[in-house]
Every structure is written in structure tokens, then in C-alpha cells.
Amino acid sequence: MLPIEETQINVVDSHEEVEEFFRWLSQSRQFLAFDTETAGLSPQRDALRLVQFGDVDTAYVFRADRWLGVAEEVFQKYIGLLVGQNSGFDVRFLKVQGNIDVSWANMHDTRIMAHILNPNRSTSLKALGAQFLTPQAKRLQGALQGAMAAQGWSWGTIPFSFSTYTAYAGLDCILTARIAEKFYPEVEANYKDVYELELQVARICSNMEVKGVSIDLPYCKEKYAQILDYCADVEFWCLENYGVRPSEAQQVATKLVSEGVDLSKTTPTGMWAMDKDVLEGLEHPLAKAVLEHRQKTKIGSSYFQNFLQLHDNGVLHPSINTLGARTGRMAVNTPALQTIPRGSIVRDAFLPRSDEHLLSVDYAGIEARLFAHFAAEEELIRVFHEGFDPHSYTAQQVFNVETPTKEQRQVAKGCTFALLFGAGPEKMGITAGITSEEAKFFMDSYKERFPGVPRFMKSVDNVAKQRLAAEGTGYVKTPLGRRQVGEKEKLYALVNALIQGTAADVFKQALVNLDNAGYGSNMLLPLHDEILLSVPSDIDIQEVITTMEDRTSFRVPLICEASGLLERWGDKARAVVG
DNA sequence: CCGAAAAGCGCG
DNA sequence: AAAGCGCGCTTTTCGG
């Protein structure tokens, strides 16, 4: 491998240079890296500007407006392994902007490799390639940013003739190839199952991003306008009656204190806490108005306004980060479609494909089930197999009553979640609505009654501590082999990470199963443990459920529930409420 | 005045 | 012994 300064970056702009490129391409190499430079992040909105190919020592840079045909030929004919850094991003631009179909068959991805090897670090190309980047190479990036600022260039307008731009583009490709050669041996040796799962998931979710999800634009506009009006009225009312704006928490707090309201909770920096819990506990009309204002502005700005700004002909194309969380969970942004409020108001904006229905299928209490699995508690396992309500059962056992009250069930449920989140008695008490002493007593009794639970928690801690001492990193692995890395001072959080990460593995495998069963084109959105689909009305819902369920891999069956066919996503909320 | 941090809240 | 987990987005707050 050459020193990075001696690597060759060739900008191709003649037929002779294309011939030279193909001669280079025919040489053997481990990975052919590819990359694109674009005008922005949206394939629907932003232009494809450059396409680059490279290996560890050489890169070729093509202008997309002149030489896209060459790129197409490469993707059609190249038979070796391909690698990209977050390759789905480039694949989508090549598809949407260039009408080029890139096969996923020989695809590899350095971002996936990096996350699997170390899920807690940055997976940006520059961070991963830092060891290859000499100060001189780093200056390239600085020079590019400096020139862009000085000239007022954006990623869409920076001239092709600016050699720093093309050099930077080519270097990214070389970095990708180097990172792939460095990471792949360990990935292949130790993480093959989870890596292959992630590649599949990247493909499936990339398809979802391109397809997008339809929204009802007139509905969004109407609701957004109503919300703006309403919020203006509430704000006016607050100003008239109390002389404060409802959005300014500290002003509101000062006003409340002057009205004789007793505040006690503060934020870590010593300001008055004005969060939902605090305000809900106050009888003051200003508190009610502030809560109302907050909820409605949130719905307006984070959802309807974003939908109206981000849609492409009535279709939202969210960005799905298949490795958004360190645990292996996904994250969805622009817009944040995994955080749509539960009621029907925002969900009613979502439409199925024409002549179809929406269908939502989710796992039933997957975290509590996996908790029972890891705890290997025979009684709890039996409860799940026999279909009893687990929270009623734990309440019955720990309170030692025949029929637990609703409140007792709530305490038991709170305790299960406190344990699997790593909460202490204080937090558990707050969530369950009891004192920390009562919470502590219940937690202790719970652990005594179900000794597998503390045994499991202790063993996660022990394993992580041992590895921290022996290997310098405290981690555990999910059954699929995904590493969960804990921070030194927060090893207790690995209990939750293991459960959350295992649930992510299960969900991702379900996406692959659905795709293999022919539902690939029906999938619209992944929502942690729920999938939103658009399906024809003659769909066999039970078959979809069965495809997702896993009744055999764990001590507890992981079962799914479906919404039924919906005209709009919000109809599910209505069905539950009504 | 600008940018970063904090606070708050939406989901699983 | 004690420790609520993981995200994205908007607005306010505050330091430079």
C-alpha cells in the first residue's frame, strides 16, 4: 500500500482516459470501492455530481453529467466485490438521479463493518480512515471547506474544475477501500451472521426510502393552519392574562412563583424544571395553557410543517439509518417517522398506495419476553407460553394475592421495566406512582421471587467486568453475535442494551423474512418493533404475522399482532380508543 | 449576533 | 450500592 500522498487520483474526461480506466479496472483487487458526490442529501431533490471508483492506491473520478454511461457499465459488468461507505446512499442517488440499478449481490459496506466491530464510535468515513490520513491529506478537506466558504460554493455549485473537489472525492474512495481491507477479515471471522443480516437490511430499507410513504397534502395543510391559529390564540391568552409567552419556560416559572405556586424541581443547571410532569402536577390555568401550547407546537413544527417541506409530490422519503443506535436499532429522520404521536391526528396524514390498505404488525411485549428468556425463569417463561398477562402474574406472585388490583399490576409492570432499563427504586417509584421505599421493597421481593432475574443481571455485569479487565472493553454479545459495548461507568446499562439489541436483531431478521416471502414492495416504514405495510385487501394477514414471528429461537415465543386493514394509519389509534 | 448546550418531548 | 435504555427535532438559554 502506497503512502497516501503517492496514491493516484485521476479525473476522467476523455475517451482515452476511459480506456485507461477500464485497463485499470480489469486488474485484480480485493474490493472495488465506489462513492458519489451529490448536491445534497435527498436523491429526489439533489443532483448527482460525481461518481468515483477506486482501490487502496488509485481512484478514478467521473463527472455524472458527462460519463454516467461509464459508471453504468461498471455496475453492470464488474464481477468482483464492491464496497461503499454507507453504500445505500450512493445506490439511491445512482438509481433516482442516474437511473442506474446497482446490484446488491456483491455489495459490502464499511460503515456496517465499523458499527459491528465497535458500535459506540463514530462511523463517519473521516473518523474511520483517520489512521490513513496524514496531515497533508487532512489539509485537503480543510482547503475544500475554506474554498467553499470563501467562494460561496455549496455541494451543488462547487465547480468540477476545482481540483481540490475531485481530489477529495477520489480520496474518499481510496479510504473506503483501505478501511474495507482493514476491517473485513475480522468481520468475516467473527461477525459474519450479523454482518450479512445488516447488508440485507440495508438493501431492504434503501428500497423503502426510494419508494417512500404517501401523505395527504390537503389534510396536512389544513391541520397545520388550524394548529398555527390555535397556538396563536393560546399565546395571546397567556400574554393577556399573565404577561408571559407560553414557550418561555423560565418566564412562566417566575410568573407561577409570583402567583404563589410551589415549585421544587430544578434542572441540572439549577433552572426551574417546567417539564410535562411538573406542569401536569399544577392546578394553575397557565400551566394547562403551556402544556397545550407545547403539545400543539410540537405536532405543528416537528410533523406537519416538516411533511409539507420535505415531501416530493406527496411522498415522504425519510432517511432510514439502519444502524442509528449503538444497540443495533435503526433511526429514521427527515422526517422523524419513528416518533409520530400515537393519536390519530398526525397518523391520519399517512395513506396506503392506491387501491391498498395500511397494515401495521408489531411484536407483543418483545422486551419483557426477551428479559424472561435471558433470566431463564421457568415460571415467567411458562406464563408467556400459556398466554397469561405477565404483569398480572408478577403482581400476583410478588404481592401474594389471588387477583391483583390495577394499581398492583401497574407497580409490577413498572418494576419489570425498571429492572430491564437499569433504574433504581427512586425512578421506579416515580413511574409507578409509589414511594422509593415501597419501590425498593417491591424490587427486592421481585428479585427474591424470580431469582433468575438478578442472576441474569449479575452475569451481564460479571462478563462485562471480566472483559473490561482482560480486553480493555466491557461488552456482551447478543445471541446473533452483535457486540454491545458498555461505558466503564455504566456497565449496568448493558442489561438493557442486550435486550434492545437482541430485539433489533429479531426485528431485522423479520424484515429479511418478509422480503424473502415476497412482501418487499409492501414495506413502508420500520418502527423498532413494528412494520408499517401497504397491502392489497386480499392479503393473508396471518401469513404476514407468521413470517415475522419467531417462536423457536428463544425460550419464550416472540409473537406478533396486526392492526387489521386500515384506510389511514390513525385508524389504528381510533380502533384502540373507540 | 451566532453557535453550542440545555431543556423538553415525540416514539419504541 | 446505585444506575431508567435508545434515538430525532425544536426552541430556549447562555456564553463568547
Side-chain angles (χ1 to χ4, degrees), chain A residues 119-120 231 245-253 265-280 290-291 293-303 305-306 309-310 318-343 345-347 360 362-368 371 414-432 436 439-440 443-444 457-458 461 484 486-504 507 525-532 573:
Chain A
N120 288 20
C231 289
R245 296 178 56 210
S247 58
E248 297 192 0
Q250 296 311 303
Q251 270 191 35
V252 171
K265 188 177 165 191
T266 57
T267 69
T269 56
M271 300 191 307
W272 287 123
M274 283 280 100
D275 59 41
K276 205 177 174 184
D277 279 352
V278 170
L279 293 174
E280 275 174 351
V290 169
L291 280 171
H293 186 264
R294 271 194 203 157
Q295 193 216 356
K296 292 296 185 294
T297 51
K298 172 89 182 170
I299 289 175
S301 325
S302 290
Y303 304 109
Q305 188 185 37
N306 276 349
Q309 282 172 3
L310 293 169
S319 172
I320 303 172
N321 182 350
T322 57
L323 288 167
R326 55 175 65 177
T327 54
R329 264 200 184 179
M330 305 195 217
V332 174
N333 63 36
T334 54
L337 296 187
Q338 285 185 326
T339 65
I340 303 300
R342 287 190 193 99
I345 175 163
V346 186
R347 295 190 180 215
S360 156
D362 68 346
Y363 285 89
I366 188 167
E367 290 189 329
F371 196 39
C415 187
T416 298
F417 279 95
L419 291 169
L420 79 82
F421 276 142
E426 198 174 324
K427 290 279 183 189
M428 182 202 148
I430 293 167
T431 354
S436 16
K440 176 155 187 359
M443 275 178 134
D444 289 344
M457 295 170 72
K458 190 72 199 149
D461 197 53
Q484 303 291 335
E487 284 155 47
K488 262 196 207 72
E489 309 305 317
K490 280 183 73 177
L491 290 183
Y492 68 88
L494 284 175
V495 168
N496 181 255
L498 182 58
I499 291 166
Q500 198 185 107
T502 303
F507 180 68
L525 277 178
L527 301 130
H528 300 304
D529 67 352
E530 170 187 353
I531 180 84
L532 185 68

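All chains are named by letter (A, B, ...) in the order of the sequence lines, taking the proteins before the strands, and each is independently numbered beginning at 1.
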Working note: A:Lys265 + A:Asp277, criterion salt bridge (charged side-chain N to carboxylate O under 4.0 Å, His left out); need CA distance, chi angles, decisive distance, verdict. CA-CA 10 Å; A:Lys265 188 177 165 191; A:Asp277 279 352; 5.4 Å; no
Once you apply the 3.5 Å cut-off to both distances, tell me the Watson-Crick or G-U wobble partner of C:dA3, or none. none
How many Å lie between CZ on A:Arg245 and P on C:dT10, as a whole number? 17 Å
Any idea which of B:dA7, B:dG8, C:dT13 is nearest the A:Arg294 side chain? B:dG8
Hey, does the side chain of A:Tyr492 come within less than 4.0 Å of C:dG4's phosphate (OP1/OP2), counting only N and O? no
Rounding to a whole Å, what distance do you find between A:Lys490:NZ and C:dA3:C1'? 8 Å
Which of B:dG12, B:dG10, C:dG8 is nearest the side chain of A:Tyr303? It is B:dG10
Give a yes/no on whether any side-chain N or O of A:Thr267 is located under 4.0 angstrom from OP1 or OP2 of B:dA7. yes
Let me know, please, whether A:Met457 or A:Ser247 comes out on the 5' side of the other along DNA chain C by nearest nucleotide. A:Met457
So, the side chain of A:Tyr303 versus the backbone of A:Thr339: is there a donor-acceptor pair under 3.5 Å, distance only? yes
For A:Arg329 and A:Gln500, indicate whether the former's side chain and the latter's backbone hold a donor-acceptor pair under 3.5 Å. no
C1' spacing across the pair B:dG12 / C:dG4, given as an integer number of angstrom: 14 Å
Heavy atoms of other groups near A:Glu426 CD, more than 12 under 6.0 Å: no
Taking the minimum atom-to-atom distance to the side chain of A:Thr339, which one of B:dA7, B:dC11, C:dC9 wins? B:dC11
